[in-house]
Engineer: 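Here it is: the structure, laid out below.
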Amino acid sequence: MNYFQGGRMDSEFSSSTRTIALNDLDGKDFEVTVIGGGITGAGIANILAENGITTLLLEKGDFACGTSSGSSKLVHGGLRYLQSGRFVEVYRLLHERNYLMNHTGIVKPLEFHILTGATMWSSVELGIGISIYNAMSGKNPIVRHHHNNGEYPGEINGFYSYIDGITVDSELVIYNIVSAYRHGAICLNYSEAASIEKSDGRYRVGIKDTLSGKSYNISSKILINAAGPWGNDILKLAGMPEEENFRLSKGIHLVFPFTVWNRKNAVVIKSPIDGRQLFIIPSGEVAYLGTTDVFVTDPEDFSVQKEDIEYLIDSVKDLFPDFTSENITATFSGIRVLLGPGNDPGKISRDFSIRANENFISVLGGKITDYRVGARKTAKIVSKLLGKNMKIKNMPYIDYSRESDDVDHIIKYECPLKPEDILRRRLAVRLYSADSGKSMEDEIRKKIGGTHEDTYTGK
Ligand SMILES: Cc1cc2nc3c(=O)[nH]c(=O)nc-3n(C[C@H](O)[C@H](O)[C@H](O)COP(=O)(O)OP(=O)(O)OC[C@H]3O[C@@H](n4cnc5c(N)ncnc54)[C@H](O)[C@@H]3O)c2cc1C
């Protein structure tokens with residue numbers, strides 16, 4: 001089989017096909033190479049492959065091992081952005097939210113209660129905001145303020161209810177990756193872009209297989225930097241000017257058994273400590289609480305610090321006293337790319353930035369929710385650079401959905417290479433099951449081989 005010629009709609013995407021692709025990789029030339037296998041890179045590779053562009057995607061860890069498995073997993077319009085008048089952004093996010101809820105099968109509607117009262121939001125202001133939000137999303141703008149009839153503690157006078165989307169972020173990435181692969185892209189996990197040089201109008205990329213240590217060299221007409229928090233490292237590697245005001249902010253989440261929450265709806269509250277907006281989100285056998293927003297300097301720093309845990313627990317302890325540190329079953333975190341000046345991470349834009357410098361395009365920042373917008377804008381630039389017409393409107397589609405959660409199926413069609421790839425990112429039972437996936441570990445290790453060290457640090 002020739003893995004470098006597109007169109008493999010039903011084919012295997014596994015450790016074996018990865019080996020075949022690597023064995024044949026040295027010296028290959030691509031139209032586009034995408035560095036980074038989070039949602040940004042996955043969406044871009046998908047739209048390019050759907051247009052028949054020869055595309056290579058490199059991910060130094062597993063697909064979605066960066067921020068795209070550590071987000072709050074909301075597919076939303078950003079209700080709070082209305083406060084700062086960001087109507088165009090909210091409209092765009094709502095449009096994408098609706099598309100993803102209606103067309104992917106892995107973004108589900110979730111009811112949110114946003115609380116009102118002296119320590120929360122004013123009911124009049126919030127009522128107007130939610131009416132606008134609903135109207136912009138094409139829903140009935142008439143909203144009703146619900147009085148607190150004992151659902152919430154006494155100081156809460158009521159709540160508004162609205163719908164947003166919830167997903168498993170890492171699965172959305174994997175679906176885009178498999179879709180890109182099925183349309184002909186070469187998608188390699190555990191394959192790091194280790195060196196970048198430019199000669200004869202082409203980028204020469206040295207690739208390191210981070211499992212075997214073997215090296216490969218390819219060339220590419222266009223290079224796309226979708227390395228998220230590592231974005232400036234890639235610019236440095238390529239000898240390009242770094243992004244000014246490139247900063248990172250970490251957000252952590254605490255996972256609790258569902259019984260601690262016991263409600264079908266999510267809730268939005270204000271932290272009494274600093275007035276920040278926090279969520280509690282029910283999902284499967286758990287409910288999670290998040291998130292923080294703290295500057296960090298290291299893109300690898302996904303650690304969950306004691307003071308961050310204390311901040312979240314202290315923020316909800318009066319309203320929801322069962323959210324204690326003893327009840328935490330797991331934690332997860334992500335690192336935002338912030339591109340702007342200022343000392344308050346909460347006030348710096350999270351919108352994506354796309355910059356093209358000759359044939360080198362950096363796509364950094366953004367949200368899970370609008371990854372398709374970033375992919376379309378990038379595809380337009382690629383289309384011009386290659387002088388090829390491309391189908392961009394309403395793209396990319398996801399041409400894959402998992403037939404079953406059977407481990408053998410996942411091993412054959414979603415290219416996990418380590419047990420944690422399944423436990424954390426394909427099935428994500430580390431987060432969503434009451435036992436953090438422990439009951440499945442042995443079966444998965446036996447099937448996939450447990451030779452690689454696992455990095456699970458959840459409690
Ligand atoms: C706490 C938090 C909560 C969030 N919640 C939401 C939310 O609820 N809804 C929403 O829409 N958005 C949310 N976001 C935003 C969203 O998660 C991010 O915008 C998105 O995940 C960024 O994806 P990415 O692909 O750009 O980056 P990443 O997912 O970090 O991917 C970059 C990838 O590049 C790889 N890489 C780096 N260097 C190399 C190299 N040399 N070679 C190969 N690969 C390399 C990394 O391993 C990584 O996998 C949240 C973000 C945070 C931090």
Side-chain angles (χ1 to χ4, degrees), residues 33-45 56-78 93 96-97 100 107 110 164-170 172-173 176-177 187-196 205-210 223-238 248-253 266 277-279 281 288 290-294 296 299-302 304 308 331-339 345 350-354 362-375 378 425:
T33 296
V34 180
I35 301 174
I39 193 68
T40 307
I44 293 170
L56 171 68
L57 178 138
L58 299 171
E59 167 51 59
K60 73 183 170 79
D62 184 27
F63 305 121
C65 70
T67 295
S68 300
S69 52
S71 81
S72 301
K73 308 175 198 318
L74 304 179
V75 174
H76 65 129
L93 288 165
E96 286 300 310
R97 180 202 74 177
L100 292 169
V107 177
L110 176 66
D164 257 334
I166 180 87
T167 190
V168 180
D169 45 7
S170 54
L172 194 59
V173 175
N176 272 283
I177 292 276
C187 300
L188 297 171
N189 47 357
Y190 297 100
S191 300
E192 180 176 356
S195 66
I196 301 170
V205 183
I207 300 164
K208 185 176 160 200
D209 177 340
T210 58
L223 212 52
I224 296 180
N225 171 11
W230 295 264
N232 254 358
D233 298 343
I234 298 299
L235 286 162
K236 249 183 261 170
L237 198 64
L248 305 175
S249 141
K250 181 161 63 179
I252 71 149
H253 305 82
Q277 180 179 290
L278 303 177
F279 300 96
I281 296 164
Y288 55 89
T291 176
T292 53
D293 198 354
V294 177
V296 289
E300 306 275 343
D301 180 7
F302 289 95
V304 172
D308 293 333
T331 59
F332 62 96
S333 62
I335 298 187
R336 305 171 184 90
V337 171
L338 305 178
L339 293 158
R350 279 114 216 260
D351 213 356
F352 58 77
S353 133
I354 303 182
S362 277
V363 190
L364 302 171
K367 305 191 86 56
I368 298 277
T369 308
D370 62 353
Y371 79 94
R372 293 168 67 251
V373 179
T378 310
R425 290 170 288 273

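Read the numbers this way: they start at 1 and go in the same order the structure lists the ligands and their atoms. Keep in mind the model is a prediction, meaning the values are calculated, not measured.
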Engineer: I need the contact type for A226 against ligand 1. Using non-hydrogen atoms and a strict under-4.0 Å cut-off, is it side chain, backbone, both or neither?
Structural biologist: backbone

Engineer: With a cut-off of 4.0 Å, which atoms of ligand 1 are near a heavy atom of L58?
Structural biologist: 43 (C), 44 (N)

Engineer: Below 4.0 Å, non-hydrogen atoms only: which portion of H76 touches ligand 1? Side chain, backbone, both or neither.
Structural biologist: side chain

Engineer: Before you tell me yes or no, could you show the steps for T291 and R336 under side chain to side chain contact (heavy atoms under 4.5 Å, CB included), namely the whole-Å CA-CA distance, both residues' side-chain angles and the distance that decides it to 0.1 Å?
Structural biologist: CA-CA 12 Å; T291 176; R336 305 171 184 90; 3.5 Å; yes

Engineer: How close does the nearest protein non-hydrogen atom get to atom 38 (N) of ligand 1, and which residue and atom is it?
Structural biologist: K60 CE, 3.5 Å

Engineer: Tell me which protein heavy atom sits closest to atom 15 (C) of ligand 1, plus the residue, atom name and distance to 0.1 Å.
Structural biologist: G366 O, 3.8 Å

Engineer: Side chains of T378 and I354, heavy atoms from C-beta outward: is any pair under 4.5 Å?
Structural biologist: yes

Engineer: We want to know whether D169 and S71 form a side-chain donor-acceptor pair, criterion being a heavy-atom distance below 3.5 angstrom.
Structural biologist: yes

Engineer: Return the option from G43, S68, G38, G61 holding the heavy atom at the smallest distance from atom 22 (C) of ligand 1.
Structural biologist: S68

Engineer: May I ask which of G66, S71, G374, G41 has a heavy atom nearer to atom 17 (O) of ligand 1 than the others do?
Structural biologist: S71

Engineer: If you have a sec, work out which protein heavy atom is nearest atom 7 (C) of ligand 1 and how many Å separate them, to one decimal?
Structural biologist: L74 O, 3.5 Å

Engineer: Could you find the nearest protein heavy atom to atom 48 (C) of ligand 1 and give me its residue, atom name and distance?
Structural biologist: E59 OE1, 3.4 Å

Engineer: At less than 4.0 angstrom from any non-hydrogen atom of W230, what atoms of ligand 1 do you find?
Structural biologist: 30 (O), 37 (C), 38 (N), 46 (C), 48 (C)

Engineer: Measure the CG-OG1 distance between L100 and T167 for me, rounded to the nearest 0.5 Å.
Structural biologist: 8.0 Å

Engineer: Check each heavy atom of I234 against ligand 1 and say whether those closer than 4.0 Å belong to the side chain, the backbone, both or neither.
Structural biologist: side chain

Engineer: Only counting residues at least two apart or in another chain, list the ones meeting side-chain contact (heavy atoms from CB on, under 4.5 Å) with S353.
Structural biologist: E243, L339, R355

Engineer: Verify, without hydrogens or angle tests, whether S170 (side chain) and S69 (backbone) share a donor-acceptor contact under 3.5 angstrom.
Structural biologist: no

Engineer: If you define the side chain from C-beta out and look only at heavy atoms, does anything of I281 sit under 4.5 Å from L74?
Structural biologist: yes

Engineer: With rounding to the nearest 0.5 Å, note down the distance linking NZ in K60 to CG in L188.
Structural biologist: 15.5 Å

Engineer: As an exercise, state the distance from CD1 of I39 to CZ of R372, rounded to the nearest 0.5 Å.
Structural biologist: 10.5 Å

Engineer: Which ligand 1 atoms does G334 reach within 4.0 Å, using its non-hydrogen atoms?
Structural biologist: 53 (C)

Engineer: Atom 12 (N) of ligand 1: which protein heavy atom is closest, and how many Å away?
Structural biologist: I368 N, 3.2 Å

Engineer: Can you confirm whether the side chains of D293 and S249 place a donor and an acceptor under 3.5 Å from each other?
Structural biologist: yes

Engineer: Aromatic rings H253 and F332: how do their planes relate, parallel, tilted or perpendicular, breaks at 30° and 60°?
Structural biologist: parallel

Engineer: Hey, is ligand 1 close enough to S191 that some N/O pair sits below 3.5 Å?
Structural biologist: no

Engineer: For residues E300 and W230, determine if any side-chain heavy atom of one lies less than 4.5 Å from a side-chain heavy atom of the other.
Structural biologist: yes

Engineer: For ligand 1, note which part of I35 has a heavy atom under 4.0 Å away: side chain, backbone, both or neither.
Structural biologist: side chain

Engineer: Does an N or O anywhere in R336 fall below 3.5 Å from an N or O of ligand 1?
Structural biologist: no

Engineer: Would you mind telling me which of D301, I335, L338 makes a side-chain contact (heavy atoms from CB on, under 4.5 Å) with L248?
Structural biologist: I335

Engineer: Which ligand 1 atoms, with their elements, are less than 4.0 angstrom from a heavy-atom of G251?
Structural biologist: 1 (C)

Engineer: Does an N or O from T369, backbone or side chain, lie closer than 3.5 Å to an N or O of ligand 1?
Structural biologist: yes

Engineer: What protein heavy atom sits nearest atom 5 (N) of ligand 1, and how far away is it?
Structural biologist: S72 N, 2.9 Å

Engineer: In ligand 1, which numbered atoms sit nearer than 4.0 Å to a non-hydrogen atom of C65?
Structural biologist: 47 (O), 49 (O)

Engineer: Please report which non-hydrogen protein atom sits nearest to atom 34 (O) of ligand 1, along with the residue it belongs to and the distance in Å to one decimal place.
Structural biologist: G36 CA, 3.3 Å

Engineer: For ligand 1, is any non-hydrogen atom under 4.0 Å from T291's backbone (N, CA, C, O), its side chain (CB onward), both, or neither?
Structural biologist: side chain

Engineer: Report the nearest protein non-hydrogen atom to atom 42 (N) of ligand 1: residue, atom name, distance rounded to 0.1 Å.
Structural biologist: A193 N, 3.0 Å

Engineer: Below 4.0 angstrom from a heavy atom of T40, which ligand 1 atoms are there? Numbered from 1 as shown, please.
Structural biologist: 23 (O), 24 (P), 25 (O), 26 (O)

Engineer: Quick one: which of I196, T40, N232, I234 gives a side-chain contact (heavy atoms from CB on, under 4.5 Å) with N225?
Structural biologist: I234

Engineer: Would you please name every residue forming a side-chain contact (heavy atoms from CB on, under 4.5 Å) with T33, sequence neighbours left out?
Structural biologist: F30, L56, L58, I218, S220, L223

Engineer: Which atoms of ligand 1 sit under 4.0 Å from any heavy atom of H253?
Structural biologist: 1 (C)

Engineer: Near G228, which atoms of ligand 1 are under 4.0 Å from a heavy atom of that residue?
Structural biologist: 26 (O), 27 (O), 32 (C)

